[in-house]
Amino acid sequence: MFILDIISSVLLIAGVFFGFSGALGLFKFPDFFTRMHAASVTDSIATILILLGLILQTSFDINTAKLLFILAFLMITSPTASHALAKSARHGGLLTLPETQVKQQERTY
Amino acid sequence: MGDLIDLVLLAMLAITALQMIFLKDLFAVVMLFGIYSFLSALIFINLDAVDVAFTEASVGAGISTVLMLGTLALTGRKEKKSSHSSILPLLVVCITGAALIYGTLDMPPFGHPNNPIHEHVAPRYIEESPKEIGLPNMVTSVLASYRGFDTLGETVVVFAALIGVLALLGVRRQEENDVPESGFKAHHVLHVVARFFIPLIILFALYVQFHGDFGPGGGFQAGVIAAAAFILYTLVFGLSRAFAVVGPKFLQALASIGVLLYASVGFFSMYKGGQFLDYSKLATDPIVGQHYGIIIIELGVGITVFAVMLSIFYAFGSQAERSNIQ
């Protein structure tokens, strides 16, 4: 199917774009929380797009079902992992960027 | 296209390995180990070796990362400065490396159909195993039947690893007055998600265990996945509650039961008049006998691997928790 191929490639390319921008954000953003934000949000959308693109490449058989299962699994686990990571960092005493700036100002006075 | 993917993956593998050598932060090194295993799993998939890739992904990237993190929790995350001079080791490594590269010159060309490995046993397995064993997944036939003795050895090695860890560390049962709960106490999201997923992970492990005859999978992978489910439970709900679900003593018994189950299949086939691990004698029809034998020994492997991995994690976890309290 020609049209399905085109849709699937568009989805795959969009997914790769979001994944790449997430990786870029991971390196460019200033502190832990913003970096994690970049990685986790783009990770979710990239997963959805890439898996949807792959689903369109299957011939709608058992493989489609397996990909859907993987999609459902990742849709739940990856935000949970990000949440747990952020919460642990917070629990361990890591401050966000504005808070550290406030603290530094207090220290200079 | 396949070559290109291989090249990219191999380059990433080399970069990861180099990075591991130069990093001093062991926590990052463990993470890189996981990435390294995952990259090799991808290379195996590209080589159409799905079973090996599955094992590499679940054992290398999954459980050994967790176990190494458990070790780090006991030892600390910074590498010690080495006080020795590095010239002699460098010399030894260079000579060994040169010898290995010299050795590769004599190797047959990669992937050539006339290589010895493609002429000796592989054609026999490919031609005869559908008749002799009749399993769709030939890897399982080779692993569990033709090379059943090797696999028994591997299972015993896993078991011996458990004995080593327990001899060094031991699982400490907590006293009543210890700090009761570790884990993420007030972490409702994790609790809900873990409660939802742990049964699914165990179900998937059982699928991998019993579907190993037909697709990629088998005892090693299934045992590791099942252990991962319980490790998740331990991490989220704390060690004391995990001990209430599966106790360490029970796990130690389970580990030996798996090995014994495997070996007893061998002795039973001897009793039936065949050789050690000759499954054809297990039933009147040799092919049915092979199927019985493979399912039972895979179960033995799965039980042992599950029990050993979880026991080792318990050993690390209970030690780490104790040192946190002190």
Rounded distance [0.5 Å steps], NE2 in A/His83 versus CG in B/Leu190: 6.5 Å
Distance (rounded to the nearest 0.5 Å) between B/Ile201 CD1 and A/Phe73 CZ: 5.5 Å
Distance, nearest 0.5 Å, that separates OG1 of A/Thr77 from CZ of B/Phe197: 5.5 Å
Atom CZ of A/Phe60 with >12 non-hydrogen neighbours under 6.0 angstrom: yes
Over 12 foreign heavy atoms within 6.0 Å of CZ, A/Phe32: yes
Atom OH of B/Tyr233: over 12 foreign heavy atoms under 6.0 Å: yes
Atom CZ of B/Phe33 with >12 non-hydrogen neighbours under 6.0 angstrom: no
